[in-house]
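These numbers come from the heavy atoms of this one structure, side chains and all, not from hydrogens, waters or symmetry mates.
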Amino acid sequence: MNDMSNVVWHEWSVDKSMRAMRFNQKPTLIWFTGLSGSGKSTSACALEKKLFSMNYNTYSLDGDNIRHGLCSDLGFNNHDRNENIRRVGEVAKLMLDAGFIVVASFISPFIREREMVRKMLKPGEFVEVYVNTRISVCEQRDPKGLYKRARDGEIKNFTGIDSPYEPPRNHEIEINPGEKSIDEIVDHLLKELGQLRVIRTGRDS
């Protein structure tokens, strides 16, 4: 284990509250979780696009994109998945410190992983969005052909097939992309985020 005894936290003169005040927004991590093919990335992307058009300062973190760089050294066993989410949580924490609203889309199959990220942040800064799409629907969509490869034994530890997915228990928002259009989903998300005081209702778009 690394010796942290000589590492001292440096306090900066410009802090999160000052950056948030300049941006006129509440730094928040909006975390989309669900099975592969559930519609997480599509919903998260549409939400960020709408928030950006409403003059919020935003940034997106996506599971596949992160694994091309920051987490390219990690596999898909339980230990590596936990480390993947831990790193994402630390990055998101830094971006919230910069004053941003961060929209994250990760399967993040285990409750303990998502709660680990929640505990990194202050109360109210983590909003969990459960993308509740049945696995049968996800398999029918299978946009990347991953379920078929997993069923054929080509991919191991695939969530929903030979690795479990633990649905959220205390999530703030739930959506089902199979039952609504993307515009309806975004409208629902905006309404819920307004009630949670993440965004201000009536903000000009």
Side-chain angles (χ1 to χ4, degrees), residues 16-70 85 88-108 113-114 117-118 120-134 137-138 141-144 167-168 170-205:
K16 183 197 296 184
S17 63
M18 296 168 69
R19 299 183 188 103
M21 187 176 298
R22 169 169 286 187
F23 289 156
N24 194 25
Q25 64 186 35
K26 177 186 175 183
T28 306
L29 174 56
I30 305 170
W31 188 278
F32 286 74
T33 176
L35 293 168
S36 177
S38 62
K40 297 183 305 300
S41 294
T42 300
S43 302
C45 182
L47 174 64
E48 194 209 2
K49 182 178 180 180
K50 181 62 176 179
L51 290 174
F52 189 79
S53 76
M54 297 167 67
N55 299 315
Y56 288 98
N57 290 275
T58 63
Y59 195 84
S60 286
L61 296 171
D62 180 79
D64 283 351
N65 293 357
I66 287 290
R67 283 187 174 271
H68 276 88
L70 178 67
I85 297 303
V88 171
E90 293 291 352
V91 169
K93 183 179 178 180
L94 289 172
M95 300 191 83
L96 262 64
D97 190 60
F100 284 83
I101 293 175
V102 178
V103 181
S105 176
F106 292 83
I107 293 174
S108 47
E113 297 174 343
R114 301 189 297 265
V117 178
R118 185 187 292 272
M120 291 181 184
L121 308 175
K122 294 182 179 179
E125 289 184 342
F126 184 90
V127 174
E128 188 173 25
V129 181
Y130 176 30
V131 186
N132 187 2
T133 305
R134 296 189 308 276
V137 175
C138 296
R141 294 174 179 170
D142 204 9
K144 303 173 186 176
N170 300 304
H171 51 290
E172 284 76 17
I173 303 174
E174 183 170 328
I175 60 173
N176 189 324
E179 297 179 355
K180 294 182 179 180
S181 69
I182 192 63
D183 289 338
E184 290 174 326
I185 289 171
V186 170
D187 287 343
H188 175 70
L189 288 167
L190 293 176
K191 179 180 178 182
E192 294 291 328
L193 291 172
Q195 292 178 349
L196 292 168
R197 300 186 182 278
V198 173
I199 63 173
R200 296 184 302 282
T201 56
R203 182 160 178 166
D204 293 337
S205 59

Inset, instruction - Return the minimal non-hydrogen interatomic distance between Ile182 and Ala46, and the atom names on each side. - result: CG1-CB, 3.7 Å
Inset, instruction - Locate the shortest heavy-atom distance separating Gly34 from Ser38; write the atom from each residue and the value. - result: C-OG, 3.8 Å
Inset, instruction - Give the C-alpha distance, both sets of side-chain angles, the deciding distance and a yes or no for side chain to side chain contact (heavy atoms under 4.5 Å, CB included) between Ile173 and Leu196. - result: CA-CA 10 Å; Ile173 303 174; Leu196 292 168; 4.2 Å; yes
Inset, instruction - Compare all side-chain heavy atoms of Leu51 with those of Leu190 and state whether any distance is below 4.5 angstrom. - result: yes
Inset, instruction - Any chance you could measure Phe126, atom CZ, to Met120, atom CE, to the nearest 0.5 Å? - result: 10.0 Å
What donor-acceptor contacts under 3.5 angstrom involve side-chain atoms of residues 91-108, with partners at least two apart or in another chain?
{"unit_1": "Asp97", "atom_1": "OD2", "unit_2": "Arg19", "atom_2": "NH1", "d": "3.2"}
{"unit_1": "Ser105", "atom_1": "OG", "unit_2": "Ser41", "atom_2": "N", "d": "3.3"}
{"unit_1": "Ser105", "atom_1": "OG", "unit_2": "Ser41", "atom_2": "OG", "d": "3.3"}
{"unit_1": "Ser108", "atom_1": "OG", "unit_2": "Trp31", "atom_2": "NE1", "d": "2.9"}
{"unit_1": "Ser108", "atom_1": "OG", "unit_2": "Thr33", "atom_2": "OG1", "d": "3.3"}
{"unit_1": "Ser108", "atom_1": "OG", "unit_2": "Phe106", "atom_2": "O", "d": "2.9"}

Legend entry - Closest contact, heavy atoms only, Glu184 versus Ser181: OE1-N, 2.9 Å
Inset, instruction - Working to the nearest 0.5 Å, report the span between CD of Glu128 and CD of Glu174. - result: 10.5 Å
Legend entry - side chain to side chain contact (heavy atoms under 4.5 Å, CB included) partner of Tyr56, chosen from Lys50, Lys26, Arg200, Glu48: Arg200
Legend entry - Pairwise side-chain contact, Ile185 with Thr42, heavy-atom cut-off 4.5 Å (strictly under): no
Legend entry - Interatomic spacing from CG in Asp142 to NZ in Lys144 - rounded to 0.5 Å: 10.0 Å
Inset, instruction - Determine yes or no for a side-chain-to-main-chain donor-acceptor pair under 3.5 angstrom, with Asn176 supplying the side chain and Asn132 the backbone. - result: yes
Inset, instruction - Please report the C-alpha distance between Arg141 and Thr133 in whole Å, then the side-chain angles of each, then the deciding distance to 0.1 Å, and finally whether the side chain to side chain contact (heavy atoms under 4.5 Å, CB included) criterion is met. - result: CA-CA 11 Å; Arg141 294 174 179 170; Thr133 305; 3.9 Å; yes
Legend entry - From Ser43 atom OG to Ile175 atom CD1, the distance as rounded to the nearest 0.5 Å: 3.5 Å
Inset, instruction - Could you check if a side-chain atom of Val117 sits within less than 4.5 angstrom of a side-chain atom of Val88, using non-hydrogen atoms only? - result: no
Inset, instruction - Please lay out, stage by stage, how Glu172 and Glu192 fare under the test side chain to side chain contact (heavy atoms under 4.5 Å, CB included). - result: CA-CA 8 Å; Glu172 284 76 17; Glu192 294 291 328; over 6 Å; no
Inset, instruction - Check step by step if side chain to side chain contact (heavy atoms under 4.5 Å, CB included) holds for Val186 and Lys49. - result: CA-CA 10 Å; Val186 170; Lys49 182 178 180 180; over 6 Å; no
Inset, instruction - Mind listing the closest non-hydrogen atom pair of Ser36 and Cys138 along with its distance? - result: O-CB, 3.4 Å
Inset, instruction - Could you grab the distance from atom CG of Leu35 to atom NZ of Lys40, nearest 0.5 Å is fine? - result: 7.0 Å
